[in-house]
Number of protein chains: 2
Amino acid sequence: MSQPATHPVELEAIKRDQDYPRPAVAVDLVIFTILDADLKVLLIDRIGEPFAGQPALPGGFVRVKEPADADNVGDQGEDLEDAVLRELEEETGLPHGSVFFEQLRTYGKAGRDPRMRVFSVAHVALVRPDLAGLAAAGGDAKNARWVSVRHERPERLAFDHDTILDDALTYAQSRLDTSSIAFELVPPTFSMTELRSVHEVIRGEGLDRGNFRRRFLRMIDDGVVEQAPGKRITGRKPAAVYRFLR
Amino acid sequence: MSQPATHPVELEAIKRDQDYPRPAVAVDLVIFTILDADLKVLLIDRIGEPFAGQPALPGGFVRVKEPADADNVGDQGEDLEDAVLRELEEETGLPHGSVFFEQLRTYGKAGRDPRMRVFSVAHVALVRPDLAGLAAAGGDAKNARWVSVRHERPERLAFDHDTILDDALTYAQSRLDTSSIAFELVPPTFSMTELRSVHEVIRGEGLDRGNFRRRFLRMIDDGVVEQAPGKRITGRKPAAVYRFLR
DNA sequence: CCAAAAGTGTTAACAGTACACCCATGG
DNA sequence: CCATGGGTGTACTGTTAACACTTTTGG
């Protein structure tokens, strides 16, 4: 710290505010679902440059409005979260609120988008498998599709989306036991095996039935889940179904 | 999803890129240290409007350059991380690399800065107590100072910095047992009690000496720490000192 | 009746909790 | 010699992990 007596830091800051060029801020989405006991991510194909034709994570720019003036205080455009909700609906076709999401982190390396300076606030979204069929059905030019993360992941995604996808996967794994994200990947009522399958697919390894069952029973004791009426009839012995208590 | 046959999404994006106003991107820093067995955060006083004179977290805008043109491809300004390093040095006076930091999350509600649309990428930084004395010594206009998070926290911080500070504290607590952050808050060599004190101060509650010791011994077994030569002589019985193996 | 998945039990190892006790040191 | 904190032991409880057994169903 070697600042003269005046306020050079603040003067500098004011100068920056007015003179420096502005970046763009985008949201990128890592939208997971589970289909056929396999973890899938929603990918699109890029249409324009750069990376035209390459697979990429869906996303878009946050819609920002002009700085507030006297008679227009406070309208600075959409909230970051609203941008996510808007993009989620655009990409999946699913209604607001039916898709769970959390912020992952922000990627801000210079040059990550060659067109201009873009900060991307990445989010992880989870689509229940009973809704995933509805999503991404439209075969528009972007070719939105579910891709198996482990078995048909493309060589190379556009921008730094490979890194983002890796981080998202690590994030989901680390939050499996400390959050309720697993419940976002099962239907409203589910059997123990269905929930266990979610854990297995995200962790990428099998789990002991008996041990998972005891953890599950503790969740019932703790009031996290409760048994729901009915049974899941899936060819073999019918299983009890449960429901998550938000 | 109801897109006509052409590429309206991409056209829309191009239009936005050119026509929509741009936001600013800032980094805000929650800089923690431990002094006198008390968790401290570095606060400044705001100089200009808005919130002039109010305490706030230190931070500043990321320096962005004009979009690349033909002979200037790739110079889009500083990386997000570089902005953090620069601000950390400006605010603490400590050299690059001597302060640990991690990204917390991004705050992007419209109106959070009344001047203009600002996205703030908040970071948590940890200053070793043996360096904290050097930091923030200069009594410049911003009045940077260490403030006890639990005992002298101001009523109200500028912007949404109250939320950011709360989130940072929760983050530090949640990462105590699953990361090496505790080692960033002790000198290069430290006694068991010094490390335990870090845990206690961040968690806000006492820990059993014997139990902490056993966890510590496991860390030695796991090769996370090793004993260092010398003893810590602190008035009472000298304690063995250890060093963290990155 | 048989394969497959549901549902249950058993055991050893390990980790967390709450103590109690002795030891070394500086004042 | 005593208060303080370092260093150690221990008994209890809870959790994890591996695995074996029984039950219920559809084909």
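Just so we're on the same page: letters track the sequence lines, and every chain starts at 1.
Residue B:F216 contributes atom CZ, which lies 13 Å from atom C1' of D:dG6 at whole-angstrom precision. Rounded to a whole Å, the CG atom of B:L207 is 9 Å from the P atom of C:dT17. Residue B:D221 contributes atom CG, which lies 12 Å from atom P of C:dC14 at whole-angstrom precision. Taking atom CG on B:D208 and atom P on D:dG6, their separation rounds to 13 Å, with Å as the unit. As rounded to whole Å, 16 Å separates atom P of D:dA18 from atom CZ of A:F212. Distance, A:N211 CG to C:dG7 P: 16 Å, rounded to whole Å. For the pair A:R203 CZ and D:dT16 C1', the computed distance is 12 Å after rounding to whole Å.
Of the side-chain N and O atoms in B:R218, one or more sit less than 4.0 angstrom from OP1 or OP2 of C:dG16.
Listed by residue number, the members of residues 231-243 of chain A with any heavy atom below 4.0 angstrom from DNA chain C are A:R236, A:K237, A:P238, A:A239, A:A240. Looking at residues 178-202 of chain B, you'll see B:T193, B:R196 sit with a heavy atom under 4.0 Å from some atom of DNA chain D.
Looking at B:R214, its side chain comes within 3.5 Å of the base of C:dT17 through a donor and an acceptor atom. Between the side chain of B:R213 and the base of D:dG6, no donor-acceptor pair of N or O atoms lies under 3.5 Å. On a pure distance criterion of 3.5 Å, no polar donor-acceptor pair joins the side chain of B:R215 and the base of C:dG16.
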Subject >> B:F119 and A:F119: CA distance, side-chain angles, deciding distance, ring-ring contact (aromatic ring centres under 6.0 Å, His included) verdict >> reply: CA-CA 10 Å; B:F119 292 87; A:F119 292 87; 9.3 Å; no
Original post:
Could you walk me through whether B:F190 and B:F244 pass the ring-ring contact (aromatic ring centres under 6.0 Å, His included) check?
Top reply: CA-CA 9 Å; B:F190 51 89; B:F244 177 57; 7.9 Å; no
**OP:** Could you give me the CA-CA distance, side-chain angles and deciding distance for B:D166 and B:R153, then say whether salt bridge (charged side-chain N to carboxylate O under 4.0 Å, His left out) is met?
**Re:** CA-CA 11 Å; B:D166 289 340; B:R153 179 170 172 174; 2.9 Å; yes
**OP:** Could you give me the CA-CA distance, side-chain angles and deciding distance for B:V99 and B:L126, then say whether side-chain contact (heavy atoms from CB on, under 4.5 Å) is met?
**Re:** CA-CA 6 Å; B:V99 180; B:L126 304 174; over 6 Å; no
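A side chain to side chain contact (heavy atoms under 4.5 Å, CB included) with A:P55 is found for one member of A:V147, A:I44, A:L157, A:N143 and no other, namely A:L157.
In the model, A:H96 has a side-chain atom that pairs as donor or acceptor with a side-chain atom of A:E89 under 3.5 Å. Judged by distance alone, the side chains of A:D28 and A:H123 never bring a donor and an acceptor atom under 3.5 Å apart.
Remark: B:R105 is positioned above the aromatic ring of B:Y107, its terminal NZ or CZ atom under 6.0 angstrom from the ring centre and at most 45 degrees off the axis.
Atom CG of A:L43 and atom NZ of A:K142 lie 12.0 Å apart (nearest 0.5 Å).
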